[in-house]
Chemist: 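Please find one structure pasted underneath; my questions will follow.
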There are 2 protein chains.
Amino acid sequence: MALEHAILVSLLERPGSGYELARRFERSIGRFWTATHQQIYRVLKRMETDGWVTGEEVGQDGRPDKRSFTVTGSGRDTLVEWLRAPVAPEAVRHELAVKIRGAAFTDDTGRAELLAEVERYRADHETLLTTYLNGEKRDFPDPMTLDAGQRLQHVVLRGGIAYERMLLDWLDDVLDTLRAL
Amino acid sequence: MALEHAILVSLLERPGSGYELARRFERSIGRFWTATHQQIYRVLKRMETDGWVTGEEVGQDGRPDKRSFTVTGSGRDTLVEWLRAPVAPEAVRHELAVKIRGAAFTDDTGRAELLAEVERYRADHETLLTTYLNGEKRDFPDPMTLDAGQRLQHVVLRGGIAYERMLLDWLDDVLDTLRAL
DNA sequence: GCTTGCTATGCAACTCGTTGCATAGCAAGA
DNA sequence: TCTTGCTATGCAACGAGTTGCATAGCAAGC
């Protein structure tokens, strides 16, 4: 498990509330780690108990109060130690691949429906790629002037872009294959 | 959830025991869906209760007996219905990306260790790519003569190959970035 | 005879993640 | 005033997935 560690990285990049973390996990961090607000609040509570983060009440006007969290020295030590551990092999779960192999066991109508679904899926990822490219233009307009943290964020974003491009190419291959059956 | 569906596809491609399924999930199916034997046995039992599969005792010589499972008509209907449902958005969890962004918060020693770990990770995936390419040569030597099921299996394998190639390129980008910090 | 190793199946306990629901502050517009 | 919608936090129940362990057949080698 590493939701704790993803939260530590995000809070080190910028302190924030559980709600703000949830929004970040929907956006930039969601490129490589997903989590819902319920999970985040639960884990934050445990992290506070363990002394990895400290929460501070922040009054806001025009909005409800929030609790902003900051990483403690102990939390940072925990992250540094985790960074040294070997990367665990990923658990791949690609539902679309299962469906594609499953297409061998349905009829023409079923295959036509799957083809339409793949097209929809492709359109979603084309949109996502555009979002990434716009984000890159906005956040990293001049790659020469970035500090270490920004360069690392940029290389992770480039990974997301490379993934989406690869995926779109492969989906075209899938569509050709389904059409030619 | 879709472990049930991955099992249905695998058993439709070829009936087999829980143990055999577990081995397939380590190999070819593991490219796009992972599961341990405990999970598989538990789910198989539920699927048998629900009438999606039927088990049959098979005596073997030189080995313990096994229970070989076959998909029923009802199981096949279940799969076909699932194929029609929209693909759920994937839950991305890329631990390495978290660590790379985390590298901004450790020292030179920590970054050097991470770099070594990325190199090790890259070597693993280079091996995996080779395995895929060998499997492709072995299982799909003549793409013109394949039936529908084999073509679908092949396009899924091509997805795995495309993913590994993309990953290796990106890891080179990551290594350059880490070295230049 | 003993150990090692692969085939084969399974239980129990635990952790992680999802889903549905609940509460509440505040702003903006019908 | 009432509804809609966003910010903000949280509980409870359930389902999925992991980890550790246990059992047993059979083959091969020391």
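In the text below, chain A, chain B and the rest are named by the order of the sequence lines, each starting its count at 1.
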Chemist: Taking CZ from R46(B) and P from dG10(C), how many angstroms apart are they, rounded to a whole number?
Modeler: 15 Å
Chemist: dT23(D) pairs with which nucleotide, Watson-Crick or G-U wobble, both distances below 3.5 Å?
Modeler: dA8(C)
Chemist: Can you check the E90(A) CD to dT18(D) P distance for me, whole Å?
Modeler: 14 Å
Chemist: Need to verify one output field. Residue with the more 5' nearest nucleotide on DNA chain C, Q38(B) or T36(A)?
Modeler: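 Per heavy-atom nearest nucleotide, the more 5' residue is Q38(B).
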Chemist: Roughly how far, to the nearest 0.5 Å, is OG of S17(A) from NE2 of H37(A)?
Modeler: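 Between atom NE2 of H37(A) and atom OG of S17(A) there are 12.0 Å.
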Chemist: Counting only side-chain heavy atoms from C-beta out, which of dG10(D), dG17(D), dT9(C) sits nearest to R93(A)?
Modeler: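 For the R93(A) side chain, the nearest candidate turns out to be dG17(D).
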Chemist: If you only use heavy atoms from C-beta on, which nucleotide in dG17(C), dT9(D), dT7(C) is closest to the side chain of H37(A)?
Modeler: dT9(D)
Chemist: Go through dT9(D), dG10(D), dG10(C) for me and flag the one nearest to the Y19(A) side chain.
Modeler: dT9(D)
Chemist: Within the structure, does a side-chain N or O atom of R23(B) lie under 4.0 Å from either OP1 or OP2 of dT7(C)?
Modeler: yes
Chemist: Whole Å only: how far is the CD atom of E26(B) from the P atom of dA8(C)?
Modeler: 13 Å
Chemist: Need to verify one output field. Residue with the more 5' nearest nucleotide on DNA chain C, Y41(B) or A91(B)?
Modeler: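 Closer to the 5' end of DNA chain C: Y41(B).
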Chemist: Within the distance-only criterion (no hydrogens, no angle test), does the side chain of R111(B) pair as donor or acceptor with the backbone N or O of L178(B) below 3.5 angstrom?
Modeler: no
Chemist: When the distance from CD of E57(A) to P of dA24(C) is rounded to whole Å, what number comes out?
Modeler: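 Spelled out: CD on E57(A) to P on dA24(C) is 17 Å.
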Chemist: Which nucleotide in the set dC21(C), dA8(C), dT18(D) lies at the smallest distance from any side-chain heavy atom of Q39(B)?
Modeler: dT18(D)
Chemist: Determine the minimum heavy-atom distance between L83(A) and G102(B), stating which atoms define it.
Modeler: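 Nearest heavy atoms, L83(A) then G102(B): CD1-O, 3.5 Å.
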Chemist: How long is the line joining NZ of K66(B) and P of dA24(D), in whole Å?
Modeler: 22 Å
Chemist: Can you tell me how far P of dA24(D) sits from CZ of R67(B), to the nearest Å?
Modeler: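 Whole-Å distance recorded here is 19 Å.
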Chemist: Do W52(A) side-chain atoms and D77(A) backbone N/O form a donor-acceptor pair below 3.5 Å?
Modeler: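 No.
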Chemist: Measure CG/L3(A) against C1'/dT18(C) and give the value in whole Å, please.
Modeler: 13 Å
Chemist: How many Å lie between CG on D65(B) and C1' on dC6(C), as a whole number?
Modeler: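 Rounded to whole Å, this separation is 16 Å.
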Chemist: Looking only at heavy atoms, which two atoms of P15(A) and S68(A) are closest? And how far apart?
Modeler: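 Distance-wise, the nearest heavy atoms are C-OG, 4.2 Å.
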Chemist: Examine dT9(D): is either OP1 or OP2 under 4.0 Å from a nitrogen or oxygen in the side chain of S17(A)? Give yes or no.
Modeler: yes
Chemist: Determine which nucleotide pairs with dC14(C), using a 3.5 Å limit on both distances of a Watson-Crick or G-U wobble pair.
Modeler: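 Paired with dG17(D).
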Chemist: Name the residue closer to the 5' end of DNA chain D, choosing between E20(A) and R42(B) according to the nucleotide with the nearest heavy atom.
Modeler: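 Per heavy-atom nearest nucleotide, the more 5' residue is E20(A).
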Chemist: Could you work out which one of dT9(D), dC11(D), dG10(C) sits closest to the side chain of K45(A)?
Modeler: dC11(D)
